[in-house]
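Working notes, beginning with the structure itself.
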2 protein chains.
Amino acid sequence: MKVTINDVAKHAGVSMKTVSRVINKEPSVRKKTYDQVMQAVKELNYQPNTAARNLAGTSSFAIGLVYDNPNAYYIIDMQNGVLSRCKEEGYELVIHPCNAQREDMQAEIATMIKRSRLAGLVLTPPLSEQQPIIDMLDELGVSYVRLLSGHNEQEENARNCIYVDDFAAAYEITEHLITLGHKHIAFVCGDEEHKSTTERLAGYKQALADHQIACNEDFIHKGTYSFESGVNGAKALLKDGNPNQITAILGGNDEVAAGALFAARLMNIEIPAQLSISGFEDSPFSRQTWPKLTTAHQANNVISEHAARLLFSKTRGSRNHDKDIVTTFTPNMVVRESTGPAPR
Amino acid sequence: MKVTINDVAKHAGVSMKTVSRVINKEPSVRKKTYDQVMQAVKELNYQPNTAARNLAGTSSFAIGLVYDNPNAYYIIDMQNGVLSRCKEEGYELVIHPCNAQREDMQAEIATMIKRSRLAGLVLTPPLSEQQPIIDMLDELGVSYVRLLSGHNEQEENARNCIYVDDFAAAYEITEHLITLGHKHIAFVCGDEEHKSTTERLAGYKQALADHQIACNEDFIHKGTYSFESGVNGAKALLKDGNPNQITAILGGNDEVAAGALFAARLMNIEIPAQLSISGFEDSPFSRQTWPKLTTAHQANNVISEHAARLLFSKTRGSRNHDKDIVTTFTPNMVVRESTGPAPR
DNA sequence: AGTTAAAATGACAACGCTGTCAAATAGCTA
DNA sequence: TAGCTATTTGACAGCGTTGTCATTTTAACT
């Protein structure tokens with residue numbers, strides 16, 4: 001029933017170690033030997049025991065995905081991307097949702113790493129932005145890859161980062177609205193402490209500046225990345241009969257935009273005839289509102305797959321070529337029905 | 001740096017085996033000894049090595065979550081529920097998304113079980129409904145828990161099932177609509193092969209029957225559990241000026257309902273003034289539409305936590321008491337703004 | 001105090017694999 | 001063909017736990 005490496009070795013007429021070499025794709029195994037072993041593996045339907053490999057080997061065959069993010073779509077995409085890479089490499093994925101608020105979060109992560117002897121970690125925002133965590137990981141000597149908002153700064157410490165250029169995306173969307181004739185464009189920010197918020201806001205401001213549109217601080221509403229925040233933000237911006245004559249709202253993400261859409265509906269405002277609204281991220285969500293959201297497509301599963309790729313390239317003896325790993329992703333604008341020409 | 005069980009043993013002045021007993025909460029350890037060991041564990045900050053435990057022990061410290069479901073909210077909730085239980089028990093969770101379409105799915109699952117020597121499996125619908133998979137698991141001798149639509153039938157093989165009573169929930173929602181005066185109530189089904197579809201449809205029919213309302217097969221639209229299907233379903237049901245005078249639509253789930261909402265909007269139908277729409281599952285989604293959806297709340301994280309609980313109660317020497325494990329959950333109706341009195 | 005059963009603890013060999021290092025073989029050159 | 005190096009293979013000892021079973025300690029009796 002249970003097939004061990006020893007069985008395979010006997011069946012192929014070689015030593016256990018040679019089988020091990022084949023399994024691990026180590027070099028210096030003659031083609032003929034390799035084939036013999038593979039044949040035996042197939043015939044016996046041998047499955048290497050992960051626990052034993054983890055225990056005996058230098059590094060384990062598991063990586064971790066750590067997140068503190070309430071957005072289900074985001075997480076699932078991230079997870080799937082990393083998972084697909086793991087499958088490819090024969091690694092296991094240990095997922096670890098956590099709460100940045102909690103005091104013991106760091107200790108918890110450290111515990112997990114030790115217990116599972118993780119080979120590496122993929123960190124998603126906003127955790128990836130927290131220096132204390134990074135410091136702890138460095139101290140523990142675990143390799144990790146951070147998903148960050150921004151663009152590759154060519155810095156030394158950028159080696160283990162994957163960037164999403166939110167600045168560029170926000171710039172593009174804002175410019176799109178400007179081209180449509182909008183002059184009073186508001187922005188409902190996501191969580192202040194997320195770097196994506198800063199980046200998106202900066203892109204928005206830059207686009208305004210480049211088109212000689214003064215940036216009115218009243219047009220910027222501070223909020224969080226949630227539907228409710230979108231509702232409140234839009235309500236606040238448009239209250240008292242929209243004195244600022246806002247004709248477009250940029251949502252911090254799709255949920256915020258959906259919230260703004262919701263608020264607009266409550267106020268009997270026609271979208272996009274009277275008000276344009278755009279989102280961010282292109283979650284499935286943005287296709288399930290009415291009207292559908294203009295947004296910036298961010299292929300989270302691809303991004304996270306590359307994160308895992310990068311991690312593996314560092315973990316193992318760089319068998320992978322770093323060359324084909326993209327480290328900066330720029331979301332593309334997707335124009336749908338929620339944005340239109342500015343009303344006059 | 002690395003603390004082993006041996007270090008703890010020395011520090012506490014006992015044998016390795018005794019430390020092991022403490023770690024595993026085995027009986028027959030004197031309180032005094034127990035305290036000594038725990039103290040040493042704390043002082044040295046000892047973390048048991050999962051790989052070694054998996055290798056040496058009879059069963060491993062990992063369970064698997066297998067799913068084939070595109071619904072991100074559903075998966076995340078399920079995952080979180082199982083994960084919280086795992087954390088409690090010191091287990092790891094191996095997640096395994098898969099595609100029921102693929103030929104090699106079964107082999108893949110078997111491989112995963114063998115590689116990781118999983119202690120058990122949690123199966124979510126629709127995979128949990130597929131007999132071939134169940135047979136394979138039985139053959140492999142792995143313990144598992146199935147999440148199913150239906151109610152506990154007290155059958156022998158129901159021992160490892162957690163039920164969600166979709167029948168009752170559909171009945172409740174339909175009755176709610178009937179009470180509001182609706183007589184022409186349509187149903188947009190989810191995927192035909194999902195048991196939840198059958199159950200929900202049956203509940204709907206039963207409610208109609210109990211209230212002497214004839215069931216018109218034209219009111220039943222076969223579709224899938226997707227937004228698009230909701231759009232298409234509603235369009236089909238209401239086309240040509242709504243000849244059937246449908247005043248309410250029951251969506252197969254929240255996404256379908258949101259799709260119906262979308263379609264209604266396209267047709268300039270007021271919700272709920274002209275048409276009531278209700279969903280199913282109470283995903284975050286249902287609170288982010290306009291108007292918010294009436295739906296049936298299904299606490300997926302609680303449900304899955306109980307699934308894990310049940311699994312652990314079977315896996316280990318029934319240290320857990322089966323008694324406090326709920327095996328049938330009935331979703332509660334949540335009335336929001338998408339349903340209202342029937343127009344006259 | 002002496003006997004016996006029950007409870008608590010410990011010694012030691014697995015678990016299935018990989019790292020280390022030594023041995024064997026192959027591929028050269030002279 | 002001997003002599004040498006580079007390549008390929010194998011023997012064996014761990015990795016950090018737990019299972020088995022023997023041993024010691026405690027408790028509960030005469």
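Just so we're on the same page: letters track the sequence lines, and every chain starts at 1. Please read these numbers as outputs of a predicted model, since none were measured by experiment.
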Measure from [atom1] on [X] to [atom2] on [N] and round the result to the nearest Å.
X: B:L55; N: D:dT18; atom1: CG; atom2: P; value: 11 Å
X: A:R30; N: D:dT7; atom1: CZ; atom2: P; value: 12 Å
X: A:K32; N: D:dT8; atom1: NZ; atom2: C1'; value: 13 Å
X: B:F61; N: D:dT18; atom1: CZ; atom2: P; value: 6 Å
X: B:K17; N: D:dT18; atom1: NZ; atom2: C1'; value: 5 Å
X: A:K114; N: D:dT17; atom1: NZ; atom2: C1'; value: 18 Å
X: A:N54; N: D:dG16; atom1: CG; atom2: P; value: 13 Å
X: B:R53; N: D:dG19; atom1: CZ; atom2: C1'; value: 14 Å

Query raised in the report: Under 30°, 30 to 60°, or over 60°: which ring-plane class applies to A:Y91 and A:F61, parallel, tilted or perpendicular?
Result: tilted

Report task. Can you spot which of B:D68, B:I134, B:L65 makes a side-chain contact (heavy atoms from CB on, under 4.5 Å) with B:L123? Result ->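 Testing each of B:D68, B:I134, B:L65 against B:L123, the sole residue satisfying side-chain contact (heavy atoms from CB on, under 4.5 Å) is B:I134.
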
Query - Sugar-phosphate, base or nothing in reach of A:K2, heavy atoms under 4.0 Å - result: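 Result for A:K2 = sugar-phosphate.
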
Query raised in the report: Nearest to the side chain of A:A56 - D:dC15, D:dG16, D:dT26?
Result: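 Looking only at heavy atoms from C-beta outward on A:A56, the closest nucleotide is D:dC15.
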
Query - Spacing of CD1 belonging to A:I76 relative to CG belonging to A:N300, to within rounding of 0.5 Å - result: 12.0 Å

Query raised in the report: Can you tell me how far CD1 of A:I95 sits from CD of B:Q79, rounded to the nearest 0.5 angstrom?
Result: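 The CD1 atom of A:I95 is 3.5 Å from CD of B:Q79, to the nearest 0.5 Å.
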
Looking at [X] and [Y], would you say the former's side chain and the latter's main chain have a donor-acceptor pair under 3.5 Å?
X: A:Q47; Y: B:K114; value: no
X: B:T50; Y: A:R115; value: yes
X: B:T327; Y: B:C161; value: no
X: A:S304; Y: A:N301; value: yes
X: B:N80; Y: B:D77; value: no

Mind listing the side-chain donor-acceptor pairs of residues 33-41 of chain A below 3.5 Å, one per line with the distance, residues two or more places apart or on another chain?
{"residue": "A:D35", "atom": "OD1", "partner": "A:K31", "partner atom": "NZ", "Å": "3.3"}
{"residue": "A:D35", "atom": "OD2", "partner": "A:K31", "partner atom": "NZ", "Å": "2.7"}
{"residue": "A:Q39", "atom": "NE2", "partner": "A:E43", "partner atom": "OE2", "Å": "2.6"}

**Report entry** DNA chain D contacts made by residues 3-14 of chain A, counting heavy atoms under 4.0 Å
**Finding:**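 Only A:V14 qualify.
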
**Report entry** Overall bend - the helix from C:dA1-D:dT30 to C:dA30-D:dT1, comparing terminal axes fitted on five pairs, nearest 10 degrees
**Finding:**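 The end axes of the helix from C:dA1-D:dT30 to C:dA30-D:dT1 are about 30° apart, to the nearest 10°.
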
**Report entry** Nearest-nucleotide 5' precedence on DNA chain C, B:G57 against B:V29
**Finding:**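 Closer to the 5' end of DNA chain C: B:V29.
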
Query raised in the report: Hey, is the side chain of A:T18 poking within less than 4.0 Å of OP1 or OP2 on D:dG10, counting only N and O atoms?
Result: yes

Report task. Establish, with yes or no, whether the OP1 or OP2 oxygen of D:dG19 is under 4.0 angstrom from a side-chain nitrogen or oxygen of B:T58. Result -> yes

**Report entry** Contacts of type ring pair (Phe, Tyr, Trp, His ring centres under 6.0 Å), residue B:H96, not counting sequence neighbours
**Finding:**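 Partners of B:H96 under the ring pair (Phe, Tyr, Trp, His ring centres under 6.0 Å) test: none.
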
Query raised in the report: Do B:Q131 and B:D135 touch side chain to side chain, with heavy atoms closer than 4.5 Å?
Result: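 The answer is yes, as the side chains (C-beta and beyond) meet within the 4.5 Å cut-off.
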
Query raised in the report: Hey, does A:M105 have a side-chain heavy atom less than 4.5 Å from the side chain of A:N99?
Result: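 SC-SC contact between A:N99 and A:M105 ruled out.
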
Requested in this report: Extract, from 5' to 3' on DNA chain C, the first and final nucleotides lying under 4.0 angstrom from some heavy atom of chain B.
Outcome: C:dA8 to C:dG16

Report summary line: Residues of residues 39-50 of chain A with a heavy atom under 4.0 Å from any atom of DNA chain C, listed by number, are A:Y46, A:P48, A:N49

Query raised in the report: Using the benzene-type ring in the case of Trp, are the ring centres of A:H306 and A:F329 under 6.0 Å apart?
Result: yes

